[in-house]
Every structure is written in structure tokens, then in C-alpha cells.
Amino acid sequence: MGILNITTDSFYSESRYPVLEKAIKAALLLEAHGADILDIGGESTRPGALPVSEEEELQRVIPVIQFLKGTIAIPISIDTIKPTVAAAAIKAGAALINDVSGFDNPDMIAVALENPVDICVVHMQGTPQTMQLNPHYAAGIIPDLLEWFERKSERLLKSGIQPDRIILDPGIGFGKTVAHNLEIIQNLPKLKRLGFRVLLGISRKSFLSKILNKTPSELLSGTLALNSLAIASDVDIIRVHDVKEHRDAVDAIRICLQN
């Protein structure tokens, strides 16, 4: 999954494409480099990020999706917490809702029920404004995470969402300490045992900056290393800024594991 941020404040500056022409050029390059899915977002969810109005978010993402729908061959994902934005993006051509608020909003579930698209359910403790203030899990991150996903998936299934449409994302960096993030990566097979596809988004995130003492622009090697562990753990989707390098890594690992 290639990342396309139609924002001015996403944490990795080289992933920001607030100008339509540059966003389209970047999207075409991500596809050419081997992306299987394109994830388009118009509101930053980095720690401390300020909310964007619904009108502003629509103005950012819809023109890009409308143009790309008839231009690229890979599916488009809309990264949003707003049901109205998700619905408009689907109408414009999106085929996946990536909701970092974990489909807590009944209106977002309604959008998913009304449209035959896949959904990515992201775990986040708190909001982008509060999630990194003091992350804490009474039973431990893995037991709490598994219990949360079991409850969430049961609610979605009972609402009428088919299981093959559900993707689980443990939400690396969304209300987690460095230790929490590393423990999640070490226990990815437990998430897979829940029976759904799993997505992992670790690309150039701050926990890597902390363990390697490097800036986001210096974190390609660290990202590749941990995503390689994720692939070996049978994670289905990795969400990345650097598609070309990860395409080579994914292909090499799969060929090695098949032989």
C-alpha cells in the first residue's frame, strides 16, 4: 500500500502533496514502482495533528481520486475518519475505507454497509491529539489489542459486514509506547489467528526514530527491516512511503519462502 498524503502537515515531509498536479504525478509513480493499493488521505493523523474540516478534506482528496480512478489500475483507499468523506470518496472511485478511529462511528459502519468496499479497522487509543500523552494498557498491549479486535470484528459481523471485507491494523504509533510497538511486531502471528487480513503501518514512524536515533528521512533501512519481519509473519498489507524498495523486498522474501 503506497501512501499519498494530500496534506501540508504529515509527519514525513516528502510524503506531502497538497497540490493536485504533484499529487497525481506522485500517485502514478507509486503505481509504476509496484504499489498494489494507493492510500489517499487529506487529514494528518500524526500525534498532535489538528483536525481538518470536512469541506477542506473533501476539497483535498476528491479531485485526486476522480482523476486517478480512470487512470490507474490499482485500487484506491480513502484514509479518513469522516463518514461523509468516505462516502464521497467511494462515489469518486475508492474501493477501501481506512479508518484510524476503528469504525467507532455508526455512520461509518453505515457507509460500509451501503457500499461493497473493503474496510481497514485501525486500533487507536484516544485521538491524534491525545493518543501519545500516556499510553497505557491494563492487561498488556497484546491481550488488550486482541480483545478489542474480537469485540470490534464481532460488532461489524453482526451489522452485516462480510468477514472477507475486514482488514485489521494494530495501529503502530496510535496510542502506543516504543515498547508497545515492538511487542506488537513480535506478536503479529497472534493477530493473524483472528482470521482476518492484517495491515501494518510502520513506515518511517517516530518509534523507529527513537530506537535508531535518526530522523524520518533516515529511516528507510529500519522500515525495510521491520516490514521484512512483518512479511515473514504473513502480514497481508504493508503501508509504506517507499514503494519501490519495498516491492523488491516483498518479491525477494516471497521467492525465498516459496523455495
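In this chain, residues are counted from 1 in sequence order.
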Residues that [X] engages under side-chain contact (heavy atoms from CB on, under 4.5 Å), provided they are two or more places apart:
X	result
K214	L212, E218, L219
N187	I142, E183, K190
D144	Y137, A139
P106	R155

Do [X] and [Y] share a hydrophobic cluster (ILVMFWY, side-chain heavy atoms under 4.5 Å, transitive)?
X	Y	value
L113	V121	yes
I109	V111	yes
L200	L257	yes
L226	L191	yes

Mind listing the side-chain donor-acceptor pairs of residues 67-76 below 3.5 Å, one per line with the distance, residues two or more places apart or on another chain?
{"from": "T71", "atom 1": "OG1", "to": "F67", "atom 2": "O", "distance (Å)": "2.8"}

How close do [X] and [Y] get, counting heavy atoms only, and between which atoms?
X	Y	answer
L4	V64	CD2-CG1, 4.1 Å
V243	G34	CG1-C, 3.7 Å
L58	T84	CD2-O, 4.4 Å
C120	L199	SG-CD1, 4.1 Å

If we ignore hydrogens and angles and just use 3.5 Å, is the side chain of [X] paired with the main-chain N or O of [Y] as donor and acceptor?
X	Y	value
R204	P216	yes
Q125	H136	yes
S206	S209	no

By side chain to side chain donor-acceptor pair (under 3.5 Å) - contacts of [X] (at least two apart):
X	answer
S233	none
E56	R60
E114	none
R193	none

Hey, is [X] close enough to [Y] for a salt bridge, meaning N to O under 4.0 Å?
X	Y	result
R197	D118	yes
K244	D248	no
K158	E154	yes

Could you state the interatomic distance from [atom1] ([X]) to [atom2] ([Y]), rounded to the nearest 0.5 Å?
X	Y	atom1	atom2	answer
I238	I202	CD1	CD1	8.0 Å
L20	I6	CG	CD1	8.0 Å
D79	L38	CG	CG	11.0 Å
L30	H241	CG	NE2	10.0 Å
K82	D107	NZ	CG	13.5 Å
H246	N227	NE2	CG	4.0 Å

Practice problem: Could you check V235 against I231 for side-chain contact (heavy atoms from CB on, under 4.5 Å), going step by step and ending with a plain yes or no? | Solution: CA-CA 5 Å; V235 162; I231 295 162; 6.0 Å; no
Quiz item: So, do Q162 and L157 sit near enough that their side-chain heavy atoms are less than 4.5 Å apart?
Solution: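 With C-beta onward as the side chain, the pair stays apart.
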Exercise. Determine which pairs satisfy ring-ring contact (aromatic ring centres under 6.0 Å, His included) with at least one residue from residues 138-158, sequence neighbours left out, and list them in order.
Key: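 Residue pairs with at least one partner in residues 138-158: H123-W148.
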Practice problem: Could you tell me whether the side chains of E43 and T7 share a donor-acceptor contact shorter than 3.5 Å? | Solution: no
Can you list, pair by pair, the side-chain donor-acceptor contacts under 3.5 Å of residues 85-102, counting residues two or more places apart and other chains?
{"from": "N98", "atom 1": "ND2", "to": "D39", "atom 2": "OD2", "distance (Å)": "3.2"}
{"from": "D99", "atom 1": "OD1", "to": "S101", "atom 2": "N", "distance (Å)": "2.9"}
{"from": "D99", "atom 1": "OD1", "to": "S101", "atom 2": "OG", "distance (Å)": "2.6"}
{"from": "D99", "atom 1": "OD2", "to": "S101", "atom 2": "OG", "distance (Å)": "3.2"}
{"from": "D99", "atom 1": "OD2", "to": "F103", "atom 2": "N", "distance (Å)": "3.0"}

Practice problem: Please name the residue in the list V240, D242, L208 that meets the side chain to side chain contact (heavy atoms under 4.5 Å, CB included) test with L220. | Solution: D242
Without placing hydrogens or testing angles, list every side-chain donor-acceptor pair under 3.5 Å for residues 164-174, not counting sequence neighbours.
{"from": "R165", "atom 1": "NE", "to": "V117", "atom 2": "O", "distance (Å)": "2.8"}
{"from": "R165", "atom 1": "NH2", "to": "A112", "atom 2": "O", "distance (Å)": "2.5"}
{"from": "R165", "atom 1": "NH2", "to": "N115", "atom 2": "O", "distance (Å)": "2.9"}
{"from": "R165", "atom 1": "NH2", "to": "V117", "atom 2": "O", "distance (Å)": "2.9"}
{"from": "D169", "atom 1": "OD1", "to": "G171", "atom 2": "N", "distance (Å)": "2.8"}

